[in-house]
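Below you'll find the structure, written out as structure tokens, and then a few comments.
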Amino acid sequence: NGNIKFNDVYFAYDENRPILKGISFEVPAGKSVAIVGPSGAGKSTLSRLLFRFYDVQKGAITIDGHDLRDVTQKSLRAAIGMVPQDTVLFNDTLAYNIRYGRPDASQEEIEKAAELAQIGNFVRTVPDGFNAMVGERGLKLSGGEKQRVAIARTILKAPPILILDEATSALDTATEQEIQDSLDEVSKGRTTLVIAHRLSTVIKCDEIIVLRDGLIAERGRHAELMKLKDGLYAK
Ligand code: ADP
Ligand code: ADP
């Protein structure tokens, strides 16, 4: 389960300037679809619609056949995990930050998730009084380490649906590749919507959708899109 359908979705923050002008696509359960497009194309708006921060104004979004308008925000938060561009950590311990979303998780489960996200050492060696934020007695986590906290959190939560919203775009190239590998691992077998502004970061997705001017300008697998030299926003 976790099948997502956007069916002729129209959305405008301001009615004179529609952001999405009738967008249809499907993320089959367990598959990954990337949304690529220039800044301002409406990529993050798609994820806000999935969380019902806003409702679509025409058309519909369904998850496993249920119209999102009949699904509570609370159950959407339970079903969807998100790794954002910059993870903002709580001013609390590392374990608290990883456990967020699954407060019932045992220390063992936290350590296992941290291990898979490759921050196992941190979790074992940092005294629990130290908070994960920069500050007095705080850890100074790098951008990559913060993304690993977000990944550990997602592994622990194990949601059927995952949104990766430019999850590596704030990182340097070497770190980006490492985090990308972890993300590929976490998204395996999970319905995944990847938001990106460059095609080169979404090579492994089952389908790539290029948004432009509120519509789907191109769609296909990475190799197919690379053949279209013209009209593509980004390589
Ligand atoms: P992307 O993620 O592709 O960069 P966004 O979905 O964030 O694009 O934004 C799409 C457009 O909607 C942008 O022009 C942005 O300025 C506008 N926008 C985003 N959020 C709001 C808002 N809350 N109110 C009005 N306009 C908004
Ligand atoms: P913005 O770009 O303004 O942050 P987004 O659509 O990217 O807009 O915001 C998504 C928001 O969803 C985040 O700001 C956060 O508050 C919330 N969020 C992030 N992860 C989760 C999650 N796992 N479950 C529910 N809500 C989340």
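Atoms within a ligand are numbered from 1 in the order they appear, just like the ligands themselves. Note that these values count all heavy atoms, side chains included, but never hydrogens, waters or copies made by symmetry.
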Inset, instruction - List the closest protein heavy-atom neighbour of atom 6 (O) of ligand 1: residue, atom name, distance to the nearest 0.1 Å. - result: T45 OG1, 2.5 Å
Legend entry - Any H197 heavy atom less than 4.0 Å to ligand 1: no
Legend entry - Where ligand 1 meets P38 - atom numbers and elements under 4.0 angstrom, heavy-atom basis: 3 (O)
Inset, instruction - Among all protein heavy atoms, pick the one closest to atom 2 (O) of ligand 1 and tell me residue, atom and distance. - result: S44 N, 2.8 Å
Inset, instruction - Please answer: with hydrophobic residues joined when any side-chain heavy atoms are less than 4.5 Å apart, are F11 and L76 in the same cluster? - result: yes
Legend entry - Atom indices of ligand 1, in the order listed, that fall short of 4.0 Å to a heavy atom of A41: 1 (P), 3 (O), 8 (O)
Inset, instruction - Could you tell me whether ligand 1 has any atom less than 4.0 Å away from a heavy atom of G42? - result: yes
Inset, instruction - Specify the protein heavy atom at minimum distance from atom 4 (O) of ligand 1: its residue, its atom name, and the distance to 0.1 Å. - result: G40 N, 2.7 Å
Inset, instruction - Could you list the residues that satisfy side chain to side chain contact (heavy atoms under 4.5 Å, CB included) with T125, not counting sequence neighbours? - result: none
Inset, instruction - For the pair E207 (side chain) and R219 (backbone), establish whether a donor and an acceptor sit closer than 3.5 Å, ignoring hydrogens and angles. - result: no
Inset, instruction - Using atom types as modelled and distance alone, determine if a side-chain donor or acceptor of D172 lies under 3.5 Å from a backbone N or O of T175. - result: yes
Inset, instruction - Give a yes or no on whether a salt bridge exists between R148 and E178, defined as a side-chain N under 4.0 angstrom from a carboxylate O. - result: yes
Please table the atom pairs, donor to acceptor, closer than 3.5 Å between any side-chain atom in residues 81-91 and protein atoms at least two apart or in another chain.
from, atom 1, to, atom 2, distance (Å)
Q85, NE2, S169, OG, 3.4
T87, OG1, Q147, OE1, 2.6
N91, OD1, N131, ND2, 2.8

Inset, instruction - For atom 19 (C) of ligand 1, state which one of Y13, F53, Y54 supplies the nearest heavy atom. - result: Y13
Legend entry - Contacting atoms of ligand 1, where contact means under 4.0 angstrom from a heavy atom of I19: 10 (C), 11 (C), 12 (O)
Legend entry - Protein contact of atom 17 (C) of ligand 1 - nearest heavy atom, named by residue and atom, plus distance: R17 NH2, 3.8 Å
Inset, instruction - Flag the pair E185 and R190 as a salt bridge only when some basic side-chain nitrogen lies within less than 4.0 angstrom of an acidic carboxylate oxygen. - result: no
